[in-house]
Amino acid sequence: MKILENLNEKQREAVLKTEGPVMAIAGAGSGKTSVLTRRIAHLIFDKSIPYQNILAITFTNKAANEMKERVETLTGIYAKDMWISTFHSMCSRILRKHIEQLGYKKTFQIIDDQDTEQLIKSLLKKNNYDIKMFNPRQLKSLILKTKANPDYLEGIEEPVKSVVKEITSKYTNYLFESNLVDFDDLLLLTIRLFKENTQLKKYYNDLFKYVLVDEFQDTNNVQYTLVKELVGAHNNLFIVGDEDQSIYAFRGANIENINKFKKDFPDYHIILLEQNYRSTNVILQAANSVIKNNRSRIEKSLYSTKKDGEKITYYKGVTARDEVEYIATTIRKKVRKGYDYNDFAILYRSNATSRQFEEVFMQKQIPYRIKGNTSFFKRKEIKDFTAYLRFIINPNDVFSFMRIVRVPRRGIGQKTIEKLIDYAAENDLLLDEAINSSENCLSTRRSNKLKDFSHLIETFKEDLSNLSFNEFVDQVLDKSGYVTMLKKDDKGDVRYENLMEFKSYLAENETLYKKLDKEEMLVYILEDVSLKSEETAEDIEDAVSLMTLHSAKGLEFKEVFLVTVEMNMFPLGRSMSDPREIEEERRLMYVGMTRAKDKLYITNANMRQTWGETRHNLDSPFFLEIPKEYIEEEGYNKLISRSTQPKVNANSKRKTFLNKRKSNLDDYEENDLNKGDKVSHAKFGDGVVISIVGDQCVIAFKKPHGIKKLMKNHPSIKKK
DNA sequence: AGGTCTTTCCTTTTT
DNA sequence: GGAAAGACCT
């Protein structure tokens with residue numbers, strides 16, 4: 001039978017054990033997606049379960065799409081009809097049907113994180129809070145946590161506590177009044193729906209006879225609650241996870257959920273998938289030796305059936321530019337030897353790194369694709385335009401109104417808007433009502449400007465039902481004056497092109513949803529736009545992939561470049577004072593390394609510009625945790641170790657410095673340092689040794705020094 | 001109101 | 001170094 005073909009014993013077990021709670025611990029590259037998709041196929045074909053009764057939840061759209069595709073090939077069922085989706089789009093799908101029960105309108109719109117922050121900021125200002133004192137970004141995180149769990153408030157200290165309390169309630173009301181939901185609301189409202197309507201809950205419990213959750217280690221508390229609500233009395237819950245790949249703690253992912261699962265589903269069955277099919281032995285061993293430095297983990301023994309393979313190449317560039325050029329040249333060379341550009345991926349810690357690669361690759365004409373970065377749908381012009389669309393659908397969407405009423409400028413300013421909003425609030429009017437009677441609070445001239453704007457939107461509404469999307473978009477852009485505005489903007493050309501791309505995106509969807517009326521159609525499309533932040537970038541067939549480590553999860557490439565592997569970049573500077581964050585960064589390193597099938601490169605640079613300042617970062621402690629036997633060095637480090645005589649001349653200061661370090665080392669007395677030892681340092685004071693690798697050690701000093709990587713035998717370190 | 005000059009903050013990571 | 005918010009001018 002095709003479904004079980006090429007599976008090992010454990011994988012087979014994970015596919016066949018369909019009844020009751022099952023937890024599969026799936027190490028990197030252990031064929032997790034295969035197991036998930038084949039399990040679905042097995043349920044459908046061998047167990048004759050109608051596909052509607054299966055719910056598969058993933059975290060990212062990418063994962064959902066991949067699963068859909070693979071299930072489609074395996075079963076021949078049109079995956080669009082199946083419940084294979086992210087947490088958020090699943091909830092959105094449920095809410096579109098039932099949200100009216102909670103007092104929202106069916107046409108609710110989803111606002112993204114940026115919008116949330118923006119909104120919180122304006123609420124703070126409006127309530128006369130100094131945003132220097134109450135940082136909107138920090139407040140946002142507190143407010144969202146409080147919204148998800150009101151108990152959270154108790155842990156906050158005054159005076160922040162009362163601000164959070166006040167703004168949380170204002171924020172929630174604002175969203176409700178404007179018929180908006182944020183990402184968390186999608187989950188929270190779904191849970192509320194199930195709690196308030198047991199019949200509905202029962203309906204979904206009966207519908208979803210089999211529930212599968214991918215990347216379980218990344219679930220947060222709300223998601224866990226939702227999963228529990230979704231699983232009915234049948235208890236057919238299958239979770240797949242790997243705590244070594246938990247990289248979303250920053251947004252509330254809670255590894256503890258694995259233990260909660262054990263408690264809540266005591267008769268669970270556990271399956272360990274430890275055989276790695278992806279990487280060479282060298283890569284896997286190296287990755288294991290990094291991840292084993294994490295304390296909070298269950299020991300796993302991943303093994304590879306592949307050969308040892310090539311050593312990991314380490315390249316230290318003289319500058320960041322040099323690092324990038326080395327990679328470009330290496331890829332070039334290999335492509336000439338017959339590799340495809342598709343074989344390569346460049347993984348970085350933060351999005352900002354991509355820019356340098358873009359520059360060099362463009363110049364050297366190396367085709368590349370960037371995942372993420374400023375997602376197409378988050379660009380200013382696209383957000384402006386979607387705000388127009390949202391306001392056309394919902395004339396009481398204050399948030400969208402505020403975004404577009406002055407873009408382009410039309411004689412309505414900040415003060416006018418404030419007066420209007422206040423007037424609406426005082427008299428308990430909806431936005432459109434307030435505009436219609438705005439002569440009561442504003443001069444006739446201003447009031448007329450507002451009414452003109454309102455009429456403009458009215459005409460758009462008519463255009464929407466009468467015209468094709470192609471014509472409609474042109475009308476909106478033209479009559480709103482947006483095109484004229486772009487003509488004066490130096491980036492106007494690019495922005496216009498993006499809008500045209502968005503136009504064809506809409507037109508494509510016009511055929512997809514042709515059963516619906518135009519407004520409904522738009523509601524669905526806008527939902528897609530909010531949830532699937534995917535780049536609609538033209539698919540270049542053969543290109544190098546550039547992406548963050550986070551978005552690389554779940555993917556694999558023949559050859560992987562892990563770049564900027566140096567202190568402050570990876571691990572990020574700010575994470576270094578918290579051991580839990582260090583561990584998360586280390587897991588990120590582990591995820592990155594295990595993306596590579598055949599060959600791994602680790603690169604960094606001796607000197608790089610950050611915020612317009614030149615900085616020298618030391619090697620990342622994670623790199624130092626890889627045993628030397630797995631590494632071969634290239635770049636100037638290699639040259640240094642070869643040169644026997646230190647030469648002093650103008651352009652070899654660096655070499656000299658390193659050589660000096662090396663030679664001085666011989667004179668030092670050996671410090672017998674071990675992990676956990678308390679030490680004192682001549683300059684940094686007291687500290688604790690976090691790890692020792694080779695002749696270097698990582699020590700955590702008291703604030704403000706933080707974590708430093710130092711030569712183990714340096715005379716300024718004294719063991720206590 | 002709106003344009004221009006100046007200052008500030010910044011970089012995690014995603015739905 | 002660069003985007004975005006704020007200050008200042010017309």
Side-chain angles (χ1 to χ4, degrees), chain A residues 57-64 85-92 110-118 121-122 125 131-132 135-137 141 144 181-187 215 218-220 222-223 246-253 320 347-356 359 371-375 377-378 380 405-417 443 445-446 449 485 488-489 491 527-534 547-554 564 568-576 578 581 584-585 587-589 591-592 608-615:
Chain A
I57 313 173
T58 64
F59 272 83
T60 60
N61 291 301
K62 208 176 337 126
S85 61
T86 62
F87 271 104
H88 292 85
S89 47
M90 171 197 69
C91 289
S92 192
I110 303 158
I111 64 166
D112 66 25
D113 245 25
Q114 287 171 23
D115 294 344
T116 297
E117 194 176 318
Q118 215 50 46
K121 190 170 169 191
S122 74
K125 279 188 186 164
I131 58 163
K132 291 248 161 63
N135 177 303
R137 182 164 304 177
S141 130
L144 290 179
V181 301
D182 63 23
F183 285 132
D184 284 354
D185 284 337
L186 290 170
L187 308 182
E215 308 276 14
D218 286 332
T219 49
N220 63 27
V222 174
Q223 284 157 339
S246 162
I247 54 175
Y248 287 107
F250 72 93
R251 67 168 203 217
L347 310 182
Y348 34 80
R349 175 67 244 262
S350 42
N351 267 316
T353 310
S354 68
R355 201 146 74 198
Q356 293 155 312
E359 271 170 32
K371 292 252 168 97
N373 220 10
T374 319
S375 138
F377 296 121
K378 291 211 165 103
K380 185 186 173 295
V405 69
R406 281 175 306 155
V407 183
R409 309 280 188 203
R410 43 174 71 87
I412 301 166
Q414 190 71 45
K415 281 273 171 321
T416 308
I417 296 165
S443 68
R445 217 186 65 136
R446 303 252 148 72
K449 293 253 190 233
M485 181 187 81
K488 290 177 205 146
D489 182 349
K491 289 182 201 148
E527 175 180 313
D528 267 8
V529 168
S530 321
L531 292 178
K532 301 177 189 157
S533 55
E534 225 129 277
M547 68 186 85
T548 63
L549 287 153
H550 281 86
S551 48
K553 183 149 77 159
T564 72
N568 298 317
M569 300 290 290
F570 185 24
L572 276 175
R574 58 169 62 190
S575 70
M576 293 201 282
D578 183 345
E581 285 190 47
E584 175 138 321
E585 297 275 320
R587 288 192 291 269
L588 211 41
M589 178 79 179
V591 167
R608 86 171 56 237
Q609 298 270 111
T610 327
W611 296 345
E613 230 180 303
T614 304
R615 290 171 66 167

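Please read all numbers here as calculations on a predicted model, not as lab measurements. Basis for what follows: all heavy atoms, side chains included, without hydrogens, waters or symmetry-related copies. Numbered from 1 within each chain, the chains take letters A, B, ... in sequence-line order.
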Original post:
DNA chain B: A:Ile417 or A:Trp611, which has the more 5' nearest nucleotide?
Top reply: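 Closest to the 5' end, via its nearest nucleotide, is A:Ile417.
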Subject >> Earlier contact from the 5' end, DNA chain B, for A:Gln414 and A:Thr610 >> reply: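 Whichever sits nearer the 5' end wins; that is A:Gln414.
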Subject >> Donor-acceptor contact below 3.5 Å, side chain A:Gln223 vs main chain A:Asn220 >> reply: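 Yes; judged by distance alone, with no hydrogens or angles, the pair exists.
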Excluding sequence neighbours, so at least two apart, what forms side-chain hydrogen bond (donor to acceptor under 3.5 Å, both in side chains) with [X]?
{"X": "A:Ser92", "result": "A:Glu527"}
{"X": "A:Ser246", "result": "none"}
{"X": "A:Lys415", "result": "none"}

With the side chain of [X] defined as its heavy atoms from C-beta on, choose the nearest nucleotide among [options].
{"X": "A:Thr86", "options": "B:dT12, B:dC9, B:dT15", "answer": "B:dT15"}
{"X": "A:Ala352", "options": "B:dT12, B:dT15, B:dT11", "answer": "B:dT11"}
{"X": "A:Arg409", "options": "B:dG2, C:dA5, B:dT15", "answer": "B:dG2"}
{"X": "A:Ser350", "options": "B:dC10, B:dT11, B:dT14", "answer": "B:dT11"}

Have a look at [X] and say if it touches a base, only the backbone sugar-phosphate, or nothing, with a 4.0 Å heavy-atom cut-off.
{"X": "A:Phe87", "value": "nothing"}
{"X": "A:Arg446", "value": "sugar-phosphate"}
{"X": "A:Ile111", "value": "nothing"}
{"X": "A:Lys121", "value": "sugar-phosphate"}
{"X": "A:Glu581", "value": "base"}
{"X": "A:Ile412", "value": "sugar-phosphate"}
{"X": "A:Lys449", "value": "nothing"}
{"X": "A:Arg587", "value": "nothing"}
{"X": "A:Thr60", "value": "sugar-phosphate"}
{"X": "A:Asp113", "value": "base"}

Quick check for you: to the nearest 0.5 Å, what is the distance between [X] atom [atom1] and [Y] atom [atom2]?
{"X": "A:Asp182", "Y": "A:Ser530", "atom1": "CG", "atom2": "OG", "answer": "11.5 Å"}
{"X": "A:Glu117", "Y": "A:Gln114", "atom1": "CD", "atom2": "CD", "answer": "8.5 Å"}
{"X": "A:Met569", "Y": "A:Tyr348", "atom1": "CE", "atom2": "OH", "answer": "12.0 Å"}
{"X": "A:Asn135", "Y": "A:Ser141", "atom1": "CG", "atom2": "OG", "answer": "10.0 Å"}
{"X": "A:Asp218", "Y": "A:Lys553", "atom1": "CG", "atom2": "NZ", "answer": "3.5 Å"}
{"X": "A:Met589", "Y": "A:Ile247", "atom1": "CE", "atom2": "CD1", "answer": "14.0 Å"}

Original post:
Has the side chain of A:Arg349 got a donor or acceptor that lies under 3.5 Å from a partner of the other kind on the base of B:dT11?
Top reply: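 There is none.
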Quick one: [X] [atom1] to [N] [atom2], roughly how many Å, whole number?
{"X": "A:Asn135", "N": "B:dT8", "atom1": "CG", "atom2": "P", "result": "16 Å"}
{"X": "A:Glu527", "N": "B:dT15", "atom1": "CD", "atom2": "C1'", "result": "13 Å"}
{"X": "A:Asp578", "N": "B:dT12", "atom1": "CG", "atom2": "C1'", "result": "14 Å"}
{"X": "A:Phe250", "N": "B:dT11", "atom1": "CZ", "atom2": "P", "result": "13 Å"}
{"X": "A:Arg355", "N": "B:dC10", "atom1": "CZ", "atom2": "P", "result": "17 Å"}
{"X": "A:Leu588", "N": "B:dT12", "atom1": "CG", "atom2": "P", "result": "14 Å"}
{"X": "A:Lys132", "N": "C:dG6", "atom1": "NZ", "atom2": "C1'", "result": "8 Å"}
{"X": "A:Lys415", "N": "B:dG2", "atom1": "NZ", "atom2": "C1'", "result": "14 Å"}

At less than 4.0 Å, is any side-chain N or O atom of [X] found next to OP1 or OP2 of [N]? Yes or no.
{"X": "A:Lys125", "N": "C:dA5", "result": "no"}
{"X": "A:Thr548", "N": "B:dT14", "result": "yes"}
{"X": "A:Asn351", "N": "B:dT11", "result": "no"}

**OP:** Tell me the stems DNA chain B sits in, counting at least three consecutive Watson-Crick or G-U wobble pairs, each under 3.5 Å on both distances.
**Re:**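 The stems that DNA chain B takes part in, listed by first number, are B:1-10 with C:1-10.
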Can you give me the N/O atom pairs linking the protein to nucleotides 7-10 of chain C at distances under 3.5 Å, or say none if there are none?
none

**OP:** Check ring-ring contact (aromatic ring centres under 6.0 Å, His included) between A:Phe183 and all other residues, then give those that pass, not counting sequence neighbours.
**Re:**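 So A:Phe183 forms a ring-ring contact (aromatic ring centres under 6.0 Å, His included) with A:His88.
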**OP:** Evaluate side-chain contact (heavy atoms from CB on, under 4.5 Å) for A:Thr86 paired with A:Leu531, printing each intermediate quantity in order.
**Re:** CA-CA 9 Å; A:Thr86 62; A:Leu531 292 178; 5.8 Å; no
